[in-house]
Amino acid sequence: MSEHRYVPSEVEAKWQEKWEASNAHDTTHDPNKPFYYCLEQFPYPSGRLHMGHVRVYSIGDVVARFKKMHGHNVLHPMGWDAFGMPAENFAIQHGVHPNVSTHDNIAFMRNQQKQLGLSYDWSRELATCDPDYYKWTQWIFQLFYERGLAYKKKAAVNWCPECSTVLANEQVIDGECWRCDSEVVKKDLEQWFFKITDYADRLLTDLEQLQGGWPERVITMQRNWIGKSTGAEITYGIHGRDETLTVFTTRPDTLYGVSYVVLAPENELVQKLIEGYAGAAEVQAFIDSVRKASEIERTSTDTEKVGIFTGSYAVHPLTGEKLPIWIANYVLPDYGTGCVMGVPAHDERDFEFATKYQLPIVPVIDPGHQDALTEAFTGEGRLINSAEFNGMANTEALTKIVEVLEQKGIGKATTSFRLRDWLISRQRYWGAPIPMINCPSCGTVPVPKDQLPVLLPEHVDFGVKGKSPLETNDEFVHTTCPSCGGAARRETDTMDTFIDSSWYYLRYTGKGDGTQPFDTEAANNWLPVDKYVGGIEHAILHLLYSRFFTKVLHDAGLVNYTEPFESLLTQGMVVLNGAKMSKSKGNVVSPEDIINKYGADTARVFILFAAPPDRDLEWSDQGVEGAHRFLNRVWRMVENHIPILRKNNLKADASGDAAKKLRMATHAAIKKVTEDIGTRYQFNTAISAIMELVNAIYAYPEGADAGTKAEAIRTAVILLHPAAPHITSELWEMMGETSKLYALEWPVYDESALAMDEVEYVVQINGKVRERLVFPKEATKEEVESQAIASEKVQALLEGKSIKKVIVVPGKLVNVVVG
RNA sequence: GCGGGUGUGGUGGAAUGGCAGACACAACAGACUUAAAAUCUGUCGGGGUUUCCCCGUGCCGGUUCGAGUCCGGCUACCCGCACCA
């Protein structure tokens, strides 16, 4: 009977053109409406979309469209995290300039996004590789520099040989490069750092603000990454020398148990200590061997602890005892002071080390038994062998001993963080040049602001090993010093691309007057982002960096809040047969194929329906078929009722039983879908609620009130619109409606429609369901109780037993407790 | 080792402490059809003496009139951190 078949390609192209031509998705600024910022992490323009992209965008689009219909001004932008190494590697292999391949990729992917019917305000699109954008990335770099948050230092840094560039700590995963999985090695280089450690405390405490809005595990991961420890720094004298050494410890209460002191092999003091020592050569050989070890070998708990005596002795700050100074591989150079006091009796690592090298093990906290220690005792207890502190609880001694040290000026309470400064230099081409100049007489000088951006030169030699590509362009390198006018050299490193993505969400809100990176008023108006949707893989990296940027920009007076993302939705992966889709596994399902075969609406509905957003989604071709079947079912539902849907003077009369039931189903669906999308962000159950309504409409008896049916159909189409915008727009038009569905007001459910005249009670005996009885909704507790007990079924089961208690939950159940 | 999360039919998944398995997928049966597809209808956790009853949400225990849900312990898997003193 249906002449007019559902052809997704036609319907989708039609509506995409209409929306584009009418700027349907431009951001509104109605002062009477609340403002809502819905943001999905912008993609790297890799070439084409994968299913993971389709999933994030589908989720974001449902939220954005729902909020618009729900009476909000919605900012829903899209852009490109466009700098990065793949484009540069592609250039090396195929000779295509990154600027060309990147823009080609962007054009292709933008087109794919449009095919998905995503409601972006394209007028705000940005790409981080555009000079108009990276000018401001450079501006922000200089802001950091002016505020003492960008500095250069020579350090042993993480070097990825495959990418031939350095990496930040966060970008080293299990000793391997986050991007290419090559083993990372240490290299001594002078590099630029951002002083994120200055913000460690605030990055930690502000996590509290995010409770509730962020997944607990992301908060935990950040907390662990920042890794705050409270303890003390204690200064030891060195026997026969003027120098001192300072250790960091979380256990100053065990100070009397120190039997040796250990330095990291890299510690500068080591070289002084071994000068003139007979065993210096051996020590040096040891240091070299440790430094050769990879990051994995060095930091794994499985690695055997090895060390060597330096020939020098430290002086115990309270007892004056001589303590041998060792160096060992288990002491890290860049945590705490790079120097540890060894308390073998109460620290597992020290115990292992002391046992191996036969160093004294002196218990100073009563382990509760007389036997010799076979392992470190790390529990709590009372102090022993600790002079005047004997008998004191160790928790109390912890502060008391620090007090004594403080009075003597040889110790202080302090905290230590695991977070390290952010290494931001990259020896690569396709990134924002660091806007600094090195002058032989003036030192490091910023490029004057009016000369920004420092443009990337087009012609460079990409493939020279061990050289930043920018170094190969003489014209770029040679410049004059802004301060003295003399010949000077530019910085030839570019910035970590995570810097580009640390502020892009601000740029979307407004470009401002050209004196700063974004419009402060607009940014304050829209931010913090109300819903940020992205992958869990950024739990530390991007999310930590962006939080850091926001705090710095706040301190500089550029924004008036301290956290950028109020609420975070981390979507799970799209997997096939339990494995992440990847080219190498050959298990990739391409979005193009799905869109071509079924249309974007089907892809969206399937993805939203198949799993809750934060869980991994198992791809299922049959599931896609099911989603498509559902849309066809909706199509036929409308098509077969055009006459009653077009009669707009048709009044609904829900007085009959069937009509009353359908009206209830309609309003229950409105309630459920509104809550699921608007507050629970559980799109799978929202879709299932719409399916239930559609099923109820199909089951509606012939001849029952048509107006009620029309209302139900119209509602189902509206509720489905955020998930499947094209087909619903077409159906809306087929119904003879002239309004824009996307601009329609979201329906409000009628509480009274949900109230039933009669309620079914479950009657339990000792918690087991034995009977179901229907009562009028106004029946009192007493009536329900007595009638439930009086019922035939219950009476039969009560024979020979006595009623101990009866619980009545109004509107729900009766539980008769018998003995 | 530490921290976090998850365990429910053949599958994806539903269930403010109140009828476990909504909604789908798959499977099976039927209707329509010459036939198929599409569509529609029905069955669909296990077992039994089958109008009814018993068992069942990883395992053991607890709280409660009532536990998938709360508490304690265990176990398996996943994720993060991992010699951070």
Side-chain angles (χ1 to χ4, degrees), chain A residues 1-2 5 173-174 215-225 227-229 231-232 247-251 254 262 264 296 298-305 328-332 334-343 346-350 352-353 416-420 536-537 539-540 578 605-606 609-612 614-627 629-630 632-633 636 672 675 682 684-695 698-699 760-772 793 804-809 811-818:
Chain A
M1 120 178 225
S2 298
R5 274 185 56 241
I173 315 289
D174 291 336
E216 197 53 43
R217 64 184 187 132
V218 177
I219 292 177
T220 305
M221 281 164 74
Q222 293 221 351
R223 191 177 289 129
N224 291 343
W225 189 262
K228 183 176 182 173
S229 300
V247 304
F248 173 75
T249 179
T250 56
R251 295 295 304 274
T254 63
V262 217
I296 315 173
R298 177 69 182 275
T299 56
S300 164
T301 39
D302 300 334
T303 304
E304 202 193 348
K305 292 169 186 44
N329 63 340
Y330 77 96
V331 180
L332 304 173
D334 49 1
Y335 178 76
T337 58
C339 184
V340 178
M341 63 186 211
V343 188
H346 304 291
D347 181 281
E348 284 167 26
R349 295 152 304 184
D350 297 345
E352 186 189 333
F353 192 75
S416 196
F417 292 89
R418 302 170 66 147
L419 181 71
R420 311 290 152 82
I536 188 78
E537 67 273 17
I540 306 286
V605 167
F606 166 70
F609 177 65
D614 52 350
R615 250 194 261 186
D616 283 354
L617 184 155
E618 177 67 40
W619 187 265
S620 157
D621 287 334
Q622 284 152 340
V624 178
E625 294 272 2
R629 230 172 0 239
F630 168 65
N632 268 302
R633 201 164 141 83
R636 287 194 306 273
K672 176 84 177 138
E675 286 171 2
Q682 296 288 307
N684 55 330
T685 50
I687 303 277
S688 76
I690 300 169
M691 289 174 169
E692 282 182 80
L693 176 58
V694 171
N695 290 345
Y698 268 85
E760 187 185 79
Y761 277 72
V762 168
V763 182
Q764 299 179 333
I765 293 175
N766 286 346
K768 293 193 171 169
V769 182
R770 297 299 182 188
E771 176 66 304
R772 290 150 204 280
K793 188 82 181 284
K804 294 215 166 134
K805 192 173 177 183
V806 180
I807 285 124
V808 179
V809 181
K812 281 209 173 128
L813 64 80
V814 182
N815 189 12
V816 185
V817 186
V818 301

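Lettering follows sequence order; numbering is per chain, from 1. Hydrogens, waters and symmetry mates play no part in the numbers below; they use all other heavy atoms, side chains included.
- Within the 4.0 angstrom heavy-atom criterion, base atoms lie near A/Arg420.
- Among the protein residues, A/Arg418 comes within range of the nucleic acid bases, having at least one heavy atom under 4.0 Å from a base atom.
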Polar pairs (N or O, both sides) under 3.5 Å between protein and nucleotides 63-67 of chain B?
| residue | atom | partner | partner atom | Å |
| --- | --- | --- | --- | --- |
| B/C65 | OP1 | A/Lys805 | NZ | 3.1 |
| B/C65 | O2' | A/Asn815 | ND2 | 3.3 |
| B/C65 | O2 | A/Asn815 | ND2 | 2.5 |

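- When distances are taken from the side chain of A/Thr250 to each of B/C81, B/A22, B/A85, the shortest belongs to B/A85.
- Remark: the separation of the P atoms in B/C53 and B/G1 is 49 Å, to the nearest Å.
- In this entry the base of B/G9 is syn relative to its sugar, with a glycosidic angle within 90° of 0.
- The phosphate of B/U39 has neither OP1 nor OP2 within less than 4.0 Å of any side-chain N or O from A/Arg5.
- Here the side chain of A/Val340 is nearest to one of B/C40, B/A85, B/A26, namely B/A85.
- Tested against A/Lys805 for a side-chain contact (heavy atoms from CB on, under 4.5 Å), the candidates A/Val817, A/Asn815, A/Val816, A/Val818 yield a single pass: A/Val817.
- Residue A/Gln622 is in sugar-phosphate contact alone, with no base atom involved, counting any heavy-atom pair closer than 4.0 Å across all strands shown.
- Candidate nucleotides B/A85, B/G18, B/C25 were compared by shortest atom distance to the side chain of A/Thr249, and B/A85 ranks first.
- A/Lys305 comes within contact range of at least one nucleobase, with a heavy-atom separation under 4.0 Å.
- A/Arg420 and A/Asp334 are joined by a salt bridge, as a carboxylate oxygen and a charged side-chain nitrogen come within less than 4.0 angstrom of each other.
- With hydrogens and angles ignored, a donor-acceptor pair under 3.5 angstrom links the side chain of A/Lys812 to the base of B/U16.
- The side chain of A/Arg772 lies closest to B/C19, out of B/A85, B/A14, B/C19.
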Tabulate atom names and distances for all N/O pairs under 3.5 angstrom spanning the protein and nucleotides 11-13 of chain B.
| residue | atom | partner | partner atom | Å |
| --- | --- | --- | --- | --- |
| B/G12 | O2' | A/Ala610 | O | 2.6 |
| B/G13 | O3' | A/Asn684 | ND2 | 3.3 |

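- Among the atoms of the strands shown, base atoms are found under 4.0 Å from some heavy atom of A/Val331.
- The A/Asn695 side chain lies nearest to B/A24 when the options are B/A24, B/C81, B/G18.
- Set against B/G3, B/A15, B/C40, the side chain of A/Arg633 has B/C40 as its closest nucleotide.
- Between the CG atom of A/Asn224 and the P atom of B/G4 there is a distance of 9 Å, rounded to whole Å.
- Rounded to whole Å, the separation between the C1' atoms of B/C19 and B/G5 comes to 30 Å.
- In this structure, CG on A/Asn224 lies 13.0 Å from CZ on A/Arg217, to the nearest 0.5 angstrom.
- Annotation for A/Phe417 and A/Tyr335: closest pair O-CE1, 3.3 Å, computed over non-hydrogen atoms.
- Side-chain contact check for A/Arg633 versus A/Val694: some heavy-atom pair is nearer than 4.5 Å.
- Between the side chain of A/Tyr761 and the main chain of A/Gly811, a donor-acceptor pair closer than 3.5 Å is present.
- Taking atom C1' on both nucleotides, B/A85 is separated from B/C2 by 15 Å, rounded to a whole Å.
- The backbone N or O of A/Ala611 sits nowhere less than 3.5 Å from a side-chain atom of A/Asp616 that would complete a donor-acceptor pair.
- Between the CD atom of A/Gln682 and the P atom of B/U16 there is a distance of 11 Å, rounded to whole Å.
- Contact annotation for A/Gly626: backbone-only contact, meaning every heavy-atom pair under 4.0 Å involves sugar-phosphate atoms and none involves a base.
- Side-chain contact check for A/Arg5 and A/Asn632: no donor-acceptor pair (N or O, by modelled atom type) lies under 3.5 Å.
- The distance from atom CZ of A/Arg629 to atom P of B/C40 is 9 Å, rounded to the nearest whole Å.
- Here B/G1 presents its P atom at 15 Å from CD of A/Glu352, a figure rounded to the nearest Å.
- Annotation: B/U51 and B/G56 have their P atoms spaced 23 Å apart (nearest Å).
- A straight line from CD1 of A/Ile219 to P of B/G5 spans 12 Å, rounded to a whole angstrom.
- In terms of heavy atoms, A/Asn329 sits closest to A/Glu304 at ND2-O, 3.0 Å.
- With both ends at atom P, the span from B/G17 to B/G12 equals 25 Å, rounded to whole Å.
- More than 12 heavy-atom neighbours from other residues, nucleotides or ligands sit within 6.0 angstrom of CD on A/Gln682.
- You'll find that the side chain of A/Glu692 is closest to B/C23, out of B/A15, B/C40, B/C23.
- For the atom pair CZ of A/Arg770 and CD1 of A/Ile765, the computed distance is 6.5 Å after rounding to the nearest 0.5 Å.
- Atom CZ of A/Phe606 sits about 8.0 Å away from atom CG of A/Asp621, to the nearest 0.5 Å.
- Using P as the reference atom, B/G10 and B/G47 are 10 Å apart when rounded to the nearest Å.
- Look at A/Arg636 and you won't find any side-chain N or O under 4.0 angstrom from OP1 or OP2 of B/A38.
- Proximity of A/Tyr330 to the phosphate of B/A85: no side-chain N or O atom is located under 4.0 Å from OP1 or OP2.
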